[in-house]
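First the structure, in the form of structure tokens, and then the observations on it.
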Protein chains: 2
Amino acid sequence: MPKPKVSPRKRPRQARSTATVDAILQAATYILVKHGWAHFTTNRVAERAGVNIASLYQYFPNKESIVVELQRRHVESARPDNADAMAALQAKGSLRGKLGALIEASIDEHRAAPALHRVFAEELPRSARRTDPAREALVQATLKQLVSPFARNVPDLDLAVFVLRVAGHAIVHEAANQRPDLLARPELAGEIVALMERYLQRPSPSATPHPRKRNMRARPLSSHS
Amino acid sequence: MPKPKVSPRKRPRQARSTATVDAILQAATYILVKHGWAHFTTNRVAERAGVNIASLYQYFPNKESIVVELQRRHVESARPDNADAMAALQAKGSLRGKLGALIEASIDEHRAAPALHRVFAEELPRSARRTDPAREALVQATLKQLVSPFARNVPDLDLAVFVLRVAGHAIVHEAANQRPDLLARPELAGEIVALMERYLQRPSPSATPHPRKRNMRARPLSSHS
DNA sequence: AAATAATGTAAGCTAAAACTTGCTTTGCCA
DNA sequence: TGGCAAAGCAAGTTTTAGCTTACATTATTT
């Protein structure tokens with residue numbers, strides 16, 4: 001399989017052409033969000049952008065490259081936020097504070113453009129998706145650095161960090177896409193922090209493993225189907 | 001937009017034709033798993049199945065209907081497992097036992113056909129995806145029933161159940177798709193249970209909010225970036 | 001202001017992929 | 001064993017969508 005091109009075949013040099021490119025990307029965003037990848041065609045994008053299809057192909061070598069550029073601009077615009085979040089992270093001394101800053105940043109990012117975010121994460125085929133495994137690994141490592149000083153009675157820190165990372169992201173992502181009402185509520189971040197914090201800081205194993213005495217107050221009201 | 005048809009235009013009546021349908025579905029599975037939705041074409045499916053394209057269209061009105069049937073059979077085959085899991089759930093008295101049974105069932109389900117599961121969840125376009133919102137709501141309600149007797153100091157049970165449901169599923173799903181090594185490890189279920197259990201059973205609010213005395217042993221080794 | 005480069009567009013081409021038509025073969029049943 | 005319905009297939013048709021060619025227009029440079 002030949003690696004598909006991704007970089008534009010021509011760089012816009014005049015104001016006119018950068019406006020054209022912007023129009024194309026804006027139209028592409030609209031089509032993707034409104035109709036999904038299945039109906040995302042170059043002809044349609046060009047039509048909605050009000051530019052000729054041939055002009056589109058002057059700046060984008062193929063269909064995929066349009067959404068690649070969209071994703072590039074998307075993460076680009078999120079970078080300053082990430083920098084802020086990182087600074088805030090260093091400032092907080094407590095685990096709770098650090099986790100809170102992290103989650104808030106993630107929620108903000110999802111709030112910014114939830115529909116587009118969903119398309120990138122769920123709708124694109126693998127060929128057009130910018131999966132950056134290096135970035136994933138970096139996040140994993142950073143998170144591990146962050147939480148490791150606070151972990152108590154965690155048998156496998158790598159496993160725990162995986163659990164935390166996936167859970168945290170999934171909750172925010174799912175709320176953004178399926179339950180915008182939840183994303184809007186201020187308690188959400190606190191709940192995720194609680195989930196993570198208590199998972200990381202467990203009582204010493206000797207306290208729990210006594211099997212008797214466990215359910216002195218845990219009997220349900222009625223546990224029928 | 002006219003609702004696309006989904007039911008076969010002709011029901012197979014002889015053994016020969018049910019074999020044809022099976023061959024089509026098997027080929028469809030192969031193509032989907034191996035090459036993804038982008039390369040999933042009716043001609044290709046028919047070719048691999050060794051049946052004529054016209055025969056395919058005798059039993060499937062269109063391309064989408066093939067993967068819809070695939071999904072139908074998939075959940076069909078998972079149903080007995082679910083029944084078993086439900087029975088096991090009732091048997092366990094403790095929260096830990098119930099959660100453990102639930103997670104184990106989910107892990108088993110993902111272990112059974114991880115590649116196909118991934119395709120259904122991540123690769124299909126919305127038009128071909130069988131999202132059953134009623135089922136989602138049912139899961140949410142069932143889970144709430146299950147955990148509500150055990151929740152301690154949880155401010156909003158609905159929110160908490162959302163958090164649990166999404167986190168649990170995401171961890172298993174992500175492990176199945178990105179980290180098969182993790183899915184194979186027996187500790188995984190225990191970790192997820194720990195995450196859920198401790199999140200649900202929190203100390204009374206008056207115990208934590210003393211800000212001093214918090215970090216008597218939590219100072220990191222070295223917290224440089 | 002002429003030359004040249006950048007940008008824009010009308011009108012297609014092409015290949016692929018969804019889907020049909022018309023006919024033959026196969027199996028069931030009296 | 002002949003009649004009939006189910007099943008199968010060769011060879012299309014048609015539409016769609018990615019992409020190109022050849023030319024026209026607009027800006028920049030000297």
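Protein chains get the first letters and strands the later ones, always in sequence-line order, with residue 1 at the start of each.
An angle of 10°, rounded to 10°, separates the two end axes of the helix from dA1(C)-dT30(D) to dA30(C)-dT1(D), each defined over five pairs.
When distances are taken from the side chain of A54(A) to each of dT20(D), dA10(D), dT26(C), the shortest belongs to dT20(D). Counting only heavy atoms from C-beta on, I53(B) has its side chain closest to dA11(D) among dA7(D), dC9(D), dA11(D). In the set dA6(D), dA17(C), dG8(C), dG8(C) carries the atom at the smallest distance from any side-chain atom of Y59(A). The nucleotide whose nearest atom lies closest to any side-chain atom of Q58(A) is, among dA17(D), dT7(C), dA11(D), dT7(C). Among the nucleotides dT20(D), dA18(C), dT9(C), the one closest to any side-chain atom of T41(B) is dA18(C). Of the listed nucleotides (dA18(C), dA27(D), dG8(D)), dA18(C) has the atom at the smallest distance from the side chain of K63(B). Of the listed nucleotides (dG27(C), dT7(C), dC19(C)), dC19(C) has the atom at the smallest distance from the side chain of N43(B). The side chain of T20(A) lies closest to dG8(C) when the candidates are dA6(D), dG8(D), dG8(C).
Here dA17(D) presents its P atom at 14 Å from CD of E64(A), a figure rounded to the nearest Å. Straight-line distance from the CD atom of Q14(B) to the P atom of dT25(C): 17 Å, rounded to whole Å. Between H39(A) atom NE2 and dA18(C) atom P there is a gap of 13 Å when expressed in whole angstrom units. The CZ-P distance, from F60(B) to dA7(D), rounds to 13 Å in whole Å. Residue R44(B) contributes atom CZ, which lies 15 Å from atom C1' of dA15(C) at whole-angstrom precision. Remark: P of dC29(C) and CZ of R13(B) are 12 Å apart, rounded to the nearest angstrom. If you take CG of L56(B) and C1' of dT20(C), they are 13 Å apart, rounded to a whole angstrom.
The side-chain heavy atoms of H173(B) and E122(B), taken from C-beta on, include a pair separated by under 4.5 Å. Using a 4.5 Å heavy-atom threshold, the side chains of E123(A) and L32(A) count as separate. Between F60(B) and V21(B) there is a side-chain heavy-atom pair separated by less than 4.5 Å. Using a 4.5 Å heavy-atom cutoff, the side chains of I66(B) and F40(B) are in contact.
Residue D156(B) holds its CG atom at 4.5 Å from CZ of R185(A), rounded to the nearest 0.5 Å.
Annotation: of the two residues near DNA chain C, N52(A) and F40(B), the 5′-most nearest-nucleotide partner is N52(A). Map R16(B) and S17(A) each onto its nearest nucleotide of DNA chain C; the residue landing nearer the 5' end is S17(A).
For N62(B) and dA18(C), a side-chain-to-base donor-acceptor distance below 3.5 Å is absent, hydrogens and geometry of angles not being considered.
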Show which side-chain atoms of residues 161-172 of chain A pair as donor or acceptor with protein atoms under 3.5 Å away, not counting sequence neighbours.
residue	atom	partner	partner atom	Å
R165(A)	NE	Q140(A)	OE1	2.7
R165(A)	NH1	E136(A)	OE1	3.4
R165(A)	NH2	Q140(A)	OE1	3.2

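Ring-plane geometry between H74(A) and H117(A) is classed as perpendicular, the angle between the planes exceeding 60 degrees on a 0 to 90 degree scale with a lower cut at 30.
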